[in-house]
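All remarks here apply to the structure that follows.
First listed ligand is number 1; within each ligand, the first listed atom is number 1. Atoms considered below: every heavy atom in the structure, side chains included; atoms not considered: hydrogens, waters and symmetry mates.
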Amino acid sequence: MNLPNMQEAKIRGKQKVNYLKHEHNYEPVFKGKKFFLKTYGCQMNVHDSEEIRFYLNSLGFIETQDMNKSDLVVLNTCAIRENAHDKFYGFLGRCKHLKRENPDLIIAVGGCMPQQSNVATTLKEKHPYVDIVFGTHNIHELPKLILEKKKEQDIEVYSIEGNVYENTQYIRDSKITAWVNIMYGCDKFCTYCIVPYTRGKQRSRHLKEIVSEVEELKKKGYQEVTLLGQNVNAYGKDLSKDESFANLLTSVAKTNIPRIRFVTSHPWDFTDDLIDVISKYPNIMPYIHLPIQSGSNKILKLMGRRYTKEEYLTLFNKLKTKIPGVSITTDIIVGFPNETEQDFLETLDVVNTCQFDGAYTFIYSPREATPASKMPDNISLEEKEQRLRRLNELVNKYSLNHNQEYLKKIVKVLLIDKCEKEENGAFGYTETMKLVNVKDAIDYIGQIVDVEITDAKSFSLNGIIKKI
Ligand code: SAH
Ligand code: SF4
Ligand code: F3S
């Protein structure tokens with residue numbers, strides 16, 4: 001087992017990337033056995049769980065939503081903030097209890113948490129009932145680890161991750177929208193963030209491989225793909241010049257898949273070429289998630305974000321001008337070390353200027369081995385919570401304003417699934433990524449329909465199908 005730390009992660013950044021191909025050859029030796037899979041964290045983890053499902057199904061397992069009836073529990077963990085840890089350990093307690101009743105139960109822990117050195121050690125010392133520990137770089141080893149499950153806890157967390165695998169198979173959650181990984185890892189090393197340590201250095205897939213995956217998905221009837229990466233617009237910086245994100249988006253747009261989205265973009269990597277491509281192709285959705293993190297230049301510098309408030313605002317205005325109707329959402333952290341009331345007011349000021357369509361807001365959480373964790377965490381929890389409340393109030397006001405602009409308008413909605421709240425209802429998303437609950441739409445799931453918006457709330461819209 002190799003434990004990642006800052007130094008090591010930076011050295012790993014220099015490693016050569018190997019492009020390999022998965023071979024899939026499994027016997028369904030666990031036929032009839034059941035697995036329970038719990039996923040924490042971001043879209044990356046949700047998509048990794050789709051890969052995990054493929055391996056478990058190939059071994060003969062079938063999925064159950066009832067953990068008490070399972071023979072195998074897999075927890076796909078997240079390490080981004082401390083509360084992610086707390087939730088995980090709470091759940092692990094339930095698994096321990098279950099194992100007392102059923103000693104044959106296999107418990108496997110994967111994802112971002114075991115990539116941290118302290119977690120791998122804690123799991124080994126304090127939670128010996130966990131059978132298998134695997135990381136984000138060796139998900140494909142899971143079948144082997146389950147088959148070889150030894151008496152002693154089996155820890156396989158790779159930190160040597162200079163690999164990109166093609167021919168990865170998934171059992172996708174949806175038959176309408178699909179996640180497509182375009183790259184792995186992140187080279188930005190924002191001072192607060194654990195991701196470069198848990199996911200490794202940036203490794204981009206080759207453009208032609210991504211395009212053929214999208215073509216396959218289109219053939220299968222998928223209506224939408226979301227290109228995934230921690231830093232999607234840095235795509236290709238580790239490849240040849242022709243394999244840029246702007247070129248990738250162009251090639252994906254030319255497949256004519258109806259809808260293309262991408263997350264997450266970093267302001268630092270947003271080129272004019274890219275803006276031109278987004279505005280040129282109607283199947284690239286006018287929605288951009290563009291985290292700002294803070295409105296204070298002092299804090300942005302301490303965060304290592306590589307842009308100033310002014311540069312962010314220039315980019316923001318360019319996007320609004322060049323991509324008509326674009327909706328922009330963001331991420332904001334409050335209570336970063338040394339954030340004064342004045343710094344926080346600058347964040348509120350930027351929110352007032354940008355009037356984001358939405359924002360994910362977080363209280364700063366120190367993460368082991370990151371540079372920010374060495375800075376004094378000098379703002380009280382009370383103050384952090386108070387800032388978060390004030391920020392959310394403002395953010396929600398603008399979300400509601402934006403949503404109200406949709407009232408009585410007719411918009412295109414891709415219907416994803418049935419809506420629990422309403423009989424025969426279905427929900428879906430506008431091109432600008434607004435959630436819409438649509439009446440009597442159950443028969444149109446999987447289609448893009450015209451919807452008249454009848455009601456607007458902060459986080460969703462209601463509508464009816466409009467036949468034109
Ligand atoms: N790669 C993306 C998202 C990374 S994680 C990006 O760069 O924008 C999603 C969000 O979690 C971040 O944008 C940030 O706002 C938040 N986050 C990351 N580390 C955090 C920490 N230590 N404490 C609080 N929030 C954090
Ligand atoms: Fe983390 Fe920054 Fe990379 Fe986003 S860009 S994953 S916040 S290090
Ligand atoms: Fe969490 Fe790992 Fe994603 S830390 S946010 S699951 S990359």
- Task: Within a distance under 4.0 Å of any heavy atom of Ile363, pick out the atoms of ligand 1 and give their elements.
- Result: 23 (N), 24 (C)
- Determine, using heavy atoms of Val195 and all atoms of ligand 1, whether some pair is separated by less than 4.0 Å. no
- List every atom of ligand 2 that sits less than 4.0 Å from any heavy atom of Arg305, numbering the atoms from 1 in the order shown and giving each element. 2 (Fe), 7 (S)
- Task: For ligand 2, indicate whether the residue Pro196 contacts it via side chain, backbone, both or neither (heavy-atom separation under 4.0 Å).
- Result: side chain
- Under 2.8 Å from atom 2 (Fe) of ligand 3, which protein N/O/S atoms are there? Cys112 SG
- Item | Nearest-option assignment for atom 1 (N) of ligand 1, heavy atoms, candidates Glu82, Arg199, Gln230, Lys188 | Gln230
- In the protein, what heavy atom is nearest to atom 5 (S) of ligand 1, and what distance, to one decimal place, separates them? Ile80 CD1, 3.6 Å
- Task: Measure from the ring center of Tyr235 to the ring center of Phe262 and say whether it is less than 6.0 Å.
- Result: no
- Relative to the heavy atoms of His266, which atoms of ligand 2 are at a distance of less than 4.0 Å? 5 (S)
- Query: Should the proximity of Arg81 to ligand 1, defined as any heavy atom under 4.0 Å, be assigned to the side chain, the backbone, both, or neither?
  - Reply: side chain
- Contacting atoms of ligand 1, where contact means under 4.0 angstrom from a heavy atom of Thr264: 2 (C), 6 (C), 8 (O)
- Evaluate the side-chain proximity of Tyr307 to Leu300: yes if any heavy-atom separation is below 4.5 Å, no if none is. yes
- Query: Would you say the side chains of Gln169 and His22 form a donor-acceptor pair under 3.5 Å?
  - Reply: no
- Arg205 and Glu213 ion-paired at < 4.0 Å: yes
- Query: N/O/S atom of Cys190 under 2.8 Å from atom 2 (Fe) of ligand 2, yes or no?
  - Reply: yes
- Starting from atom 1 (Fe) of ligand 2, locate the nearest protein heavy atom and write down its residue, its atom name and how far away it is, to 0.1 Å. Cys193 SG, 2.3 Å
- Item | Distance-minimising heavy-atom pair for Pro337 and Leu302 | O-CD1, 3.9 Å
- Query: Does any donor atom in the side chain of Thr329 or Tyr287 lie under 3.5 Å from an acceptor atom in the other side chain?
  - Reply: yes
- Task: Please work out whether any backbone atom (N, CA, C, O) or any side-chain heavy atom from C-beta onward of Tyr192 is under 4.0 Å from ligand 1, and answer side chain, backbone, both or neither.
- Result: both
- Task: Step through the shown structure and confirm whether more than 12 heavy atoms of other residues, nucleotides or ligands are within 6.0 Å of CD on Glu341.
- Result: yes
- Task: Would you mind reporting whether Thr136 and Tyr184 have side-chain heavy atoms less than 4.5 Å apart?
- Result: no
- Is any NZ, NE, NH1 or NH2 atom of the basic residue among Asp357 and Lys434 found under 4.0 Å from an Asp or Glu carboxylate oxygen of the other? yes
- Is the closest basic N to carboxylate O distance between Arg387 and Asp343 below 4.0 Å? no
- Query: Going by the atom numbers of ligand 2, which of them fall below 4.0 Å from some non-hydrogen atom of Val195?
  - Reply: 6 (S)
- Message: Regarding Arg203 and Asp238, does a basic nitrogen lie under 4.0 Å from an acidic carboxylate oxygen?
- Response: no
- Item | Salt-bridge present (Arg306, Asp269; N to O < 4.0 Å) | no
- Do any of the N, O or S atoms of Cys186 sit under 2.8 Å from atom 3 (Fe) of ligand 2? yes
- Going by the 4.0 angstrom heavy-atom rule, the piece of Gln293 near ligand 1 is side chain
- Message: Are any of the N/O atoms on Asp331, whether in the backbone or the side chain, positioned under 3.5 angstrom from an N/O atom of ligand 1?
- Response: yes
- If we number the atoms of ligand 2 from 1 as shown, the ones under 4.0 Å from a heavy atom of Phe189 are 8 (S)
- The closest protein heavy-atom partner of atom 7 (S) of ligand 3 is Gln230 NE2, 3.2 Å
- Message: Both conditions, 6.0 Å and 45 degrees, for the charged tip of Lys87 above the ring of Tyr40: are they met here?
- Response: no
- Which protein non-hydrogen atom lies closest to atom 22 (N) of ligand 1, naming both residue and atom, and how far is it? Ser365 O, 2.8 Å
- Message: I need the contact type for Arg305 against ligand 1. Using non-hydrogen atoms and a strict under-4.0 Å cut-off, is it side chain, backbone, both or neither?
- Response: side chain
- With backbone taken as N, CA, C and O and side chain as the heavy atoms from C-beta onward, which portion of Pro291 lies under 4.0 Å from ligand 1: side chain, backbone, both, or neither? side chain
- Item | Sub-4.0 Å heavy-atom approach of Thr370 to ligand 1 | no
- Message: For Tyr192, which part has a heavy atom under 4.0 Å from ligand 2: side chain, backbone, both, or neither?
- Response: side chain
- Task: For Asn231 and ligand 1, answer yes if some heavy atom of the residue is under 4.0 Å from a ligand atom, otherwise no.
- Result: no
- Task: Would you kindly say whether Tyr406 and Thr432 are connected by a side-chain donor-acceptor distance under 3.5 Å?
- Result: yes
- Query: Considering only heavy atoms of Lys188, which atoms of ligand 2 have at least one such atom less than 4.0 Å away?
  - Reply: 3 (Fe), 5 (S)
- Query: To which protein heavy atom is atom 4 (Fe) of ligand 2 closest, and what is the distance rounded to 0.1 Å?
  - Reply: Gln230 O, 4.2 Å
- Message: Does the plane of the ring in Phe427 sit parallel, tilted or perpendicular to the ring in Tyr429? Use 30° and 60° as the thresholds.
- Response: perpendicular
- Item | Sidechain N-carboxylate O distance under 4.0 Å for Glu346, Lys298 | no
- Query: Of all the atoms in ligand 1, which lie at a distance below 4.0 Å from a heavy atom belonging to Arg367?
  - Reply: 22 (N)
- Between Lys34 and Asp71, is there a salt bridge with N-O shorter than 4.0 Å? no
- Task: Check whether any side-chain heavy atom of Arg199 sits under 4.5 Å from a side-chain heavy atom of Cys112, and report yes or no.
- Result: yes
- Message: Could you check whether Arg53 pairs with Asp173 (Lys NZ or Arg NE/NH1/NH2 to Asp/Glu carboxylate O, under 4.0 Å)?
- Response: yes
